[in-house]
Engineer: 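After the structure tokens below, expect a handful of questions from me.
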Amino acid sequence: MSEHPPRGFPPRTASYEADPEHVHRVLLLYSGGLDTSVMLKWIQESYDAKVVCLTVNLGQPGEDYEVIRAKALELGALDCHVVDAREEFAREYITPAIKANALYGGGYPLFTALGRPLIAKLAVEHARRSGCDTIAHGCTGKGNDQVRIEATVATLAPELKTIAPVRSWQMGREEEIAYAREHGIPIKTFSGQSGSGTVPYSIDDNLWGRSSEGRWIEDLEHAPEEDVFQLVTPPEQAPDKHQTVQVEFERGVPVGLDGERLELVELLERAAEIGARHGVGIVDHIEDRIVGLKVRDIYEAPAAAIILPAHRELEQLVGTIHQNQFKPQLDRQWAYLVYAGLWWEPLRCDLDVYMDSVNEQVTGTIGVKLYRGGARIVTRSSPNAVYDASLASFAQSGGLFSQTASPGFIELFSLQSRMAWRLRNRS
Ligand code: ARG
């Protein structure tokens, strides 16, 4: 008998984990890669269960969904649903992130963290529709994605259970490959720069960005090797010719590029393409995961590198000093909640009400100049700018602003600070 899969299941820890005896029909979140393909066979074998697959298109470039579907069916899936969720992802997940200027840890635009609750929500819908009792995903026990998926399933569908075979089966990559060979699972050969036999990077991508983990990335002293960049042109190789892109927003939502109105998905794809060409959006990020680990990720997020700074600039132009001081605190809380997998937490919805309210005014156009890895804001215009060129000008005085009022303001505004300074410097 084969060594794989290891028999016996680890004891359950959480209430939402499936009892192996009650696993009869499983909805598997299927990507077509090694882990989920091995899972597809392994679940049928180990649980004696039927498997229905779900593959979600969030705009990951270069996927052939027909090939993925055919592979799932060939490996014994009862069915493989392919859902194009790009529109919903852009509208319901990326849009609020833009309104919240969402960056975790100062640099990560959350594309994976935004995608997981949607993928898990779709898994719940399809599991219910296909009469499944259990949802299976391919996350490991070390990452944030397990948190995001399982928190979503447990929140939206208390009647459904989850299994996470990769977390428990204790097969390493070599054993998975051996299992795949034994079970006739086609494996991609990872040729190219890395050479065959080399472990590939662990990749996750969608419309809003791409992440790479593993290999030399785990060595903090190792500077990025160029083969990791599959989306963004390394800045050194980007054209020696700048381009300024005009990003138009209505109520905080990007609606046009360079004067052309575009549907959101197309706009994000086009922004990504322009940014990628100019080498923008590379982030080499050390990150505090929610499960305690500190990990390094290489991100490529060219659309976010254009749209987020443009949005923040416009928001600050139409906001008052008080709004502009306050909102970043809420933005940070929003990013943390979403990073941490608490998409369905009511605080996130409360924060969104505030984000929407502020973004009512965020209409206008920002010019972003792209050149060899840099994205710099060069022009701004908005009907709602709290800005009056004649007031701001050095030349003018009078009207709404009286320069002669300034000394009185300074005296009162600095009063407590002056008093305190004197007290501290008495001798
Ligand atoms: N560190 C990022 C996050 O936690 C990216 C994770 C990428 N996920 C993956 N399965 N490779 O959101």
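Counting begins at 1 with the first residue of the sequence. In each ligand, atom 1 is the first atom listed, and ligand 1 is the first ligand listed.
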Engineer: Among all protein heavy atoms, pick the one closest to atom 2 (C) of ligand 1 and tell me residue, atom and distance.
Structural biologist: Tyr299 OH, 3.1 Å
Engineer: Please report which non-hydrogen protein atom sits nearest to atom 11 (N) of ligand 1, along with the residue it belongs to and the distance in Å to one decimal place.
Structural biologist: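 Checking every protein heavy atom, the shortest distance to atom 11 (N) of ligand 1 gives Ser202 OG, 3.4 Å.
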Engineer: Give the residue, atom name and distance (to 0.1 Å) of the protein heavy atom nearest atom 10 (N) of ligand 1.
Structural biologist: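 Here the nearest protein heavy atom works out to Asp145 OD2, 3.0 Å.
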Engineer: Please confirm whether Arg148 comes under 4.0 Å of ligand 1, counting heavy atoms of the residue only.
Structural biologist: yes
Engineer: Take a 6.0 Å sphere around CZ of Arg128 and say whether it holds more than 12 heavy atoms from other residues, nucleotides or ligands.
Structural biologist: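 Correct, the count exceeds 12.
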Engineer: Counting only heavy atoms not in Arg91, do more than 12 fall under 6.0 Å of its CZ?
Structural biologist: yes
Engineer: Quiz question: by atom type and distance under 3.5 Å, do the side chains of Gln243 and Arg277 form a donor-acceptor pair?
Structural biologist: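 There is such a pair (donor and acceptor under 3.5 Å, judged by atom type) between the side chains of Gln243 and Arg277.
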Engineer: If we only count N/O pairs under 3.5 Å, is Arg289 in contact with ligand 1?
Structural biologist: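 In this structure, Arg289 places no N or O atom under 3.5 Å from an N or O of ligand 1.
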Engineer: Report the nearest protein non-hydrogen atom to atom 7 (C) of ligand 1: residue, atom name, distance rounded to 0.1 Å.
Structural biologist: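 Protein heavy atom at minimum distance: Ser211 OG, 3.3 Å.
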Engineer: What residue and heavy atom of the protein are closest to atom 1 (N) of ligand 1, and at what distance?
Structural biologist: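 Going atom by atom, the protein heavy atom closest to atom 1 (N) of ligand 1 ends up being Glu287 OE2, 2.8 Å.
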Engineer: As an exercise, identify every atom of ligand 1 less than 4.0 angstrom from a heavy atom of Asp204.
Structural biologist: 7 (C), 8 (N), 9 (C), 11 (N)
Engineer: If you measure only the distance, is there a donor-acceptor pair under 3.5 Å linking the side chains of Asp284 and Tyr299?
Structural biologist: no
Engineer: Please determine if Arg116 forms a cation-pi arrangement with Trp343, meaning its NZ or CZ atom is less than 6.0 Å from the six-membered ring centre and no more than 45° off the ring axis.
Structural biologist: no
Engineer: Can you tell me if Glu315 and Asn101 form a side-chain donor-acceptor pair at under 3.5 Å?
Structural biologist: yes
Engineer: Closest non-hydrogen protein atom to atom 12 (O) of ligand 1, residue and atom name please, with distance?
Structural biologist: Tyr108 OH, 2.5 Å
Engineer: Which protein heavy atom lies closest to atom 4 (O) of ligand 1, and at what distance to 0.1 Å?
Structural biologist: Asn144 ND2, 2.7 Å
Engineer: Hey, are Ser37 and Tyr30 close enough side-chain-wise for a donor-acceptor pair under 3.5 Å?
Structural biologist: yes
Engineer: For atom 6 (C) of ligand 1, find the nearest protein heavy atom and state the residue, atom name and distance (0.1 Å precision).
Structural biologist: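 Ranked first by proximity to atom 6 (C) of ligand 1 is Glu213 OE2, 3.6 Å.
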Engineer: Taking the six-membered ring of Tyr339, is NZ or CZ of Arg148 closer than 6.0 Å to its centre and within 45° of its axis?
Structural biologist: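 Output yes; distance and angle both within limits.
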Engineer: Please classify the Arg116 to ligand 1 contact at 4.0 Å (heavy-atom distances, strictly less than): side chain, backbone, both or neither.
Structural biologist: side chain
Engineer: At a non-hydrogen distance cut-off of under 4.0 Å, which region of Gln146 contacts ligand 1 (side chain, backbone, both, or neither)?
Structural biologist: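 Neither; nothing of Gln146 gets under 4.0 Å from ligand 1.
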